[in-house]
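Working notes, beginning with the structure itself.
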Amino acid sequence: MNPAKIRVTDFDLRYTIESGQPLTFFSDYDPKKNRLIYPTASHLLDIKFTGTSENGNLLVKGSSPAYAKRELTKRLRLNDDMKDIYSRISTDEFMANAIKKYYGMRLTINDPWETTLCFIISQYNNLKRIRGSTRKIVDLFGTEIKDDEGKVVGKRFPTSEQMMHITEKQLMECGTGFRARYIRNASEYCTNNLDLHKLQNKSYPKIKEELLEIAGVGDKVADCIALMGFGCLEAFPIDVWVKRTIERIYFKGKEKKIKDIHRFANERFQNLGGYAQQYIFWHGMHYE
DNA sequence: ACCCAGGCGGGCG
DNA sequence: CGCCCGCATGGG
């Protein structure tokens, strides 16, 4: 089958993949070739980027062109008008620099359950270890993905129901530490009490409210899931890097409460807090 | 050796 | 309520 060719503008595959979103944790990316192997629910997509961040193409193998286009348009938020978004979140020199440095970095939309797991694992953790743990879970317990000839080409994330049967000890062996208990609980809860897919078209406050019912999911993780699992651009997750960076840039290094930072971000970035946050996080983390 | 990481729940005042 | 603490584990 011919590869799908998708025109993209204001898009950078590398920054999008590497910027600490769930995609980072369970797909294979080769920066030299600018090529991504990405497991969706049913296919293993082989994605190659050519061109520049202003004007490029995605060449996608591994599925029909129609599927590839539909899936990636959603997952990589290809319909976002980045020029408009940038003009609205570029409120000062720091934001302008962040946008310039990581031009084309998109938010992504990931499977809600995968997103939930990734961000439960993320708490009080670092990117390298989050990646290691999630990959190990997929390797050990994931579902096989087959191509048209029935050949196994990769694995995808286990469902909550599949994960319900993984013991705490097995989860600990994946390096999840004290989060193993939360993972077990979330697997049960999202199998028996909360169907994440039914939150799909709900409002951000409603989605967050429901997510907070999962033991092991707090304010920050719920915002991450709302943003990267459900696409709520008004969510503004505040982790240590975002907090630290905002205090440094906008409050002369003075410590602020999470609540105050939420208020600040709401006033400044309005319903595009999620995008602003992604640039603050990634640029702030690599600052100096 | 020591400190920290895309935080959270529980316990205490 | 707000604040403080412990939590597993590997890398700097």
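A, B, ... follow the sequence lines: proteins, then strands. Residue 1 opens every chain. Predicted model, so just to flag it, every value in this text is computed and none were measured.
- Using the six-membered ring where Trp is involved, A:Phe25 and A:Phe119 have ring planes that are perpendicular, over 60° apart on the 30 and 60° scheme.
- Stacking here means ring centres nearer than 5.5 Å and ring planes tilted less than 30 degrees, and by that measure A:Phe178 does not stack onto C:dA8.
- Among the protein residues, A:Glu168 comes within range of no part of the nucleic acid, since none of its heavy atoms lies under 4.0 Å from any strand.
- Nearest heavy atoms, A:Thr24 versus A:Gly20: OG1-N, 3.2 Å.
- Within 4.0 Å of A:Ser133, counting heavy atoms only, lies no atom of the nucleic acid at all.
- Spacing between atom CG of A:Asn125 and atom C1' of C:dG10 amounts to 9 Å, rounded to whole angstrom units.
- Of the two residues contacting DNA chain B, namely A:Cys224 and A:Gly216, the nearest-nucleotide position lying further toward the 5' end is that of A:Cys224.
- If you check every strand for non-hydrogen atoms under 4.0 Å, A:Gly218 touches sugar and phosphate atoms only.
- Salt-bridge formation is detected for the pair A:Lys243/A:Glu255: a Lys NZ or Arg NE/NH1/NH2 atom is positioned less than 4.0 Å from an Asp or Glu carboxylate oxygen.
- Comparing B:dC8, C:dA8, C:dG11 by their closest approach to the side chain of A:Lys128 singles out C:dG11.
- Contact check of residues 227-245 of chain A against DNA chain B (heavy atom, cut-off under 4.0 Å) returns A:Met228, A:Pro237, A:Asp239, A:Val240, A:Trp241, A:Arg244.
- Straight-line distance from the CZ atom of A:Arg179 to the C1' atom of C:dT9: 8 Å, rounded to whole Å.
- Each of A:Tyr279, A:Tyr29, A:Tyr103, A:Tyr102 was checked for a ring pair (Phe, Tyr, Trp, His ring centres under 6.0 Å) with A:Tyr15, and the lone residue meeting it is A:Tyr102.
- Atom pair A:Ile214:CD1 and B:dC8:P shows a separation of 12 Å (rounding to whole Å applied).
- Follow the hydrophobic side-chain contacts under 4.5 Å out from A:Val153 and you never reach A:Ile47; the two are in separate clusters.
- As rounded to whole Å, 13 Å separates atom P of B:dG7 from atom CD1 of A:Ile121.
- Nucleotide C:dC3 holds its P atom 10 Å from the CG atom of A:Asp260, rounded to whole Å.
- In this structure, A:Ile130 atom CD1 and C:dG11 atom C1' are separated by 14 Å, rounded to whole Å.
- Looking at A:Asp260 and A:Lys257, no side-chain N of the basic residue comes within less than 4.0 Å of a carboxylate O on the acidic one, giving no salt bridge.
- Closest of all the heavy-atom pairs between A:Ala226 and A:Leu211 is N-CD1, 4.1 Å.
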Check the pair A:Ser160 / A:Tyr189 against side-chain hydrogen bond (donor to acceptor under 3.5 Å, both in side chains), numbers first and verdict last.
CA-CA 9 Å; A:Ser160 63; A:Tyr189 191 81; over 6 Å; no
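- The same atom, P, is picked in C:dA8 and in B:dG11; the two are 15 Å apart, to the nearest Å.
- The CZ-C1' distance, from A:Arg129 to C:dC7, rounds to 12 Å in whole Å.
- Every stem involving DNA chain B, taken as at least 3 paired positions in a row under the Watson-Crick or G-U wobble test at 3.5 Å, is listed here: B:2-5 with C:9-12, B:7-13 with C:1-7.
- A close approach under 4.0 Å does occur between a side-chain nitrogen or oxygen of A:Lys259 and OP1 or OP2 of C:dG2.
- Using P as the reference atom, B:dC8 and C:dG11 are 24 Å apart when rounded to the nearest Å.
- Aromatic ring orientation, A:Tyr124 versus A:Phe178: tilted (interplanar angle from 30° to 60°).
- Within the cation-pi definition used here (under 6.0 Å to the ring centroid, within 45° of the axis), A:Arg248 qualifies as a partner of A:Tyr287.
- Rounded to whole Å, the distance from CD on A:Gln123 to C1' on B:dA5 is 11 Å.
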